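Bear in mind the structure is a predicted one, so any value in this text is a computation, not a measurement.
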Amino acid sequence: MKVANEWRLGSMGDTKILPGSRHRSPLKRPIWIILMVSFVSLFLVCAYIYPPNSDVACYVFSSRGCKVLTDWLPPPKRELTDEEIISRVVVRDILDTPPVESKNPKIAFMFLTPGSLPFEKLWDMFFRGNEGRFSVYIHASKEKPVHVSPYFLNREIHSSQVTWGAFSMFDAERRLLAYALKDPDNQHFVLLSDSCIPLHNFDYVYNYLMHANMSFIDCFVDPGPHGNGRYSTRMLPEVEEKDFRKGAQWFTMRRQHALLVMADSLYYSRFRDYCRPSADGKNCIADEHYLPTFFNLVDPGGIANWSVTRVDWSERKWHPKSYRAQDVTEIAFSLNLWNGHMKLEVIFNGNFGQYSFSC
């Protein structure tokens, strides 16, 4: 490094003096910038907490008015209604209460049917040898069923007329849950129709549902006209469109979730009043939206978001595809023993590995 030489004359002779270290003067801090940023930040916070109520105040921010604020700032949290506070307290207490241990846990099979069950003999084979591990409940909305299996005798509950697409459909499901909950040993609840059949033997279904520790409720976002297109703003403020969900009607749920459905009056009333055919010019079907939306709001982590009941909607009609004789490749529900129990397998064309039932 080159060093500039300096010479000084004196009595000690010519002496070479190295220049001292150079110090930079401290930079002047831009105090006015700090003050300005602090002022603007404080101003924006105050505007967020106390939003301007006049157009003149809005134009302080932008010529677009208050909309620029609403676009940029996060929406303020609204105050919960009294009904919502009550609902959340009930939901929290039910979910936080440990399930009652049953010495003889059972699955409640709940059949929603207009009359007799055409596959009752098949269900008889499914249940046989597993007495004490299941309960049967039948909601027959049109006529008293004629039974061929002892497991179905005298298992009808009080029933009311059910109209397809109307809220009376869910009321029938709720009524089945209420009767099934009267038995404290019922720990899991399966909703089925008269056209449903089991796809596996009883042991497989029992172990799968009992050990899952979750409810299998179909739940997804459908942005189309038959999904969010059915949403009504009359459900506000409790049900917002971003929380609106859709799912298949057929569910299986654990006891805690069944109790939640019984305890709910807030969301039940919103869907009863504003989710029905032709409401607001929309064809809202409550049994496809109420439970998915309800559990998405109160316990989204407690459901699987899919159903163990397979329904084929590939034909894109109002009703699912019906299975014909040509769709069945093998029927193996003959008297084959499997671990001491009759083996029941119905094998269709296709892969149904994740499903327990088909409707």
Side-chain angles (χ1 to χ4, degrees), residues 102-141 143-157 159 172-173 175-212 215-216 249-255 258 307-311 323 328 330-348 352-359:
S102 172
K103 295 181 179 179
N104 184 36
K106 297 189 292 185
I107 295 178
F109 291 86
M110 307 178 301
F111 291 87
L112 187 60
T113 175
S116 297
L117 297 167
F119 296 111
E120 190 169 310
K121 288 184 178 180
L122 181 59
W123 283 103
D124 179 272
M125 299 177 67
F126 175 76
F127 290 134
R128 196 179 304 166
N130 296 284
E131 292 79 1
R133 304 171 71 193
F134 67 90
S135 303
V136 173
Y137 302 88
I138 305 169
H139 185 291
S141 59
E143 58 186 28
K144 185 176 177 59
V146 176
H147 298 297
V148 296
S149 168
Y151 301 122
F152 291 82
L153 289 176
N154 302 319
R155 301 308 301 169
E156 295 88 359
I157 69 169
S159 304
E173 299 174 15
R175 193 175 298 115
L176 280 165
L177 279 174
Y179 274 84
L181 281 167
K182 292 168 65 176
D183 186 345
D185 288 333
N186 287 333
Q187 298 297 307
H188 212 95
F189 304 80
V190 179
L191 180 67
L192 300 160
S193 75
D194 55 323
S195 61
C196 293
I197 62 171
L199 294 177
H200 298 280
N201 60 71
F202 185 90
D203 277 343
Y204 179 96
V205 173
Y206 183 90
N207 292 329
Y208 188 88
L209 297 182
M210 286 299 193
H211 297 155
S215 296
F216 293 93
Q249 174 185 9
W250 312 111
F251 63 78
T252 76
M253 66 174 64
R254 56 195 183 95
R255 189 175 183 89
S307 173
V308 293
T309 303
R310 187 185 190 278
V311 180
Y323 291 108
V328 182
E330 178 183 353
I331 299 180
F333 51 83
S334 57
L335 295 179
N336 298 323
L337 293 180
W338 182 75
N339 287 346
H341 297 287
M342 179 174 55
K343 182 179 180 181
L344 172 63
E345 298 285 348
V346 181
I347 305 172
F348 289 93
F352 303 125
Q354 69 183 45
Y355 301 103
S356 296
F357 312 98
S358 179
C359 295

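- Under a 3.5 Å cut-off, the side chain of Arg175 and the backbone N or O of Ser159 do not form any donor-acceptor pair.
- Every residue was checked against the ring pair (Phe, Tyr, Trp, His ring centres under 6.0 Å) condition with Tyr137, not counting sequence neighbours, and none meets it.
- Note: Ile107 CD1 to Met210 CE = 4.5 Å, rounded to the nearest 0.5 Å.
- Going from atom NE2 of His139 over to atom CD of Glu173 covers 10.0 Å, rounded to the nearest 0.5 Å.
- Distance CG/Asn201 to CG/Asn207: 9.0 Å, rounded to 0.5 Å.
- Here the CD1-OG1 distance, from Ile138 to Thr113, works out to 8.0 Å after rounding to the nearest 0.5 Å.
- Atom OG of Ser135 and atom CD of Gln187 lie 10.5 Å apart (nearest 0.5 Å).
- When every heavy atom of Asn186 is checked against every heavy atom of Arg255, the shortest pair comes out as O-NH1, 2.7 Å.
- Phe152 has its side chain within reach of Phe127: a pair of non-hydrogen atoms, C-beta onward, lies under 4.5 Å apart.
- Ring geometry for Tyr208 against Tyr204 counts as parallel: the plane angle stays under 30°, on a 0 to 90° scale with 60° as the upper cut.
- With contacts defined as side-chain heavy-atom distances shorter than 4.5 Å, the pair Phe202/Arg128 does not qualify.
- A 4.5 Å side-chain heavy-atom check between Phe189 and Leu181 finds at least one atom pair inside the cut-off.
- Ring-plane geometry between Phe216 and His188 is classed as tilted, the angle between the planes lying from 30 to 60 degrees on a 0 to 90 degree scale.
- Between the side chain of Ser215 and the backbone N or O of Arg254, at least one donor-acceptor pair lies under 3.5 Å.
- Sorted by first and then second residue, the salt bridge (charged side-chain N to carboxylate O under 4.0 Å, His left out) pairs involving residues 143-153 (not counting sequence neighbours) are Lys144-Glu156.
- With contacts defined as side-chain heavy-atom distances shorter than 4.5 Å, the pair Leu177/Phe251 qualifies.
- Taking both residues in full, the closest heavy atoms of Phe126 and Asn130 are given as O-ND2, 3.6 Å, listed atom of the first, atom of the second, then distance.
- Counting only heavy atoms from C-beta outward, the side chains of Pro114 and Asp194 approach each other to under 4.5 Å.
- Between Ala180 and Ala108 the shortest heavy-atom distance is CB-CB, 3.9 Å.
- Side-chain contact between His147 and Arg155 is absent, with no heavy atoms from C-beta onward closer than 4.5 Å.
- Side-chain contact between Tyr206 and Pro105 is present, with at least one heavy-atom pair separated by less than 4.5 Å.
- At a threshold of 4.5 Å between non-hydrogen side-chain atoms, the residues Pro150 and Asp124 count as touching.
- Arg133 pairs with exactly one of Asp203, Asp185, Asn104 by the side-chain hydrogen bond (donor to acceptor under 3.5 Å, both in side chains) rule, that one being Asp203.
- For an aromatic pair to be called close, the ring centres must be under 6.0 Å apart, and Phe111 with Trp123 satisfies this.
- Side-chain contact check for Tyr151 and Glu120: no donor-acceptor pair (N or O, by modelled atom type) lies under 3.5 Å.
- If you take OG1 on Thr252 and CZ on Phe109, they are separated by 10.0 Å, rounding to the nearest 0.5 Å.
- In terms of heavy-atom proximity, Ser195 sits nearest to Phe119 at O-CE1, 3.8 Å.
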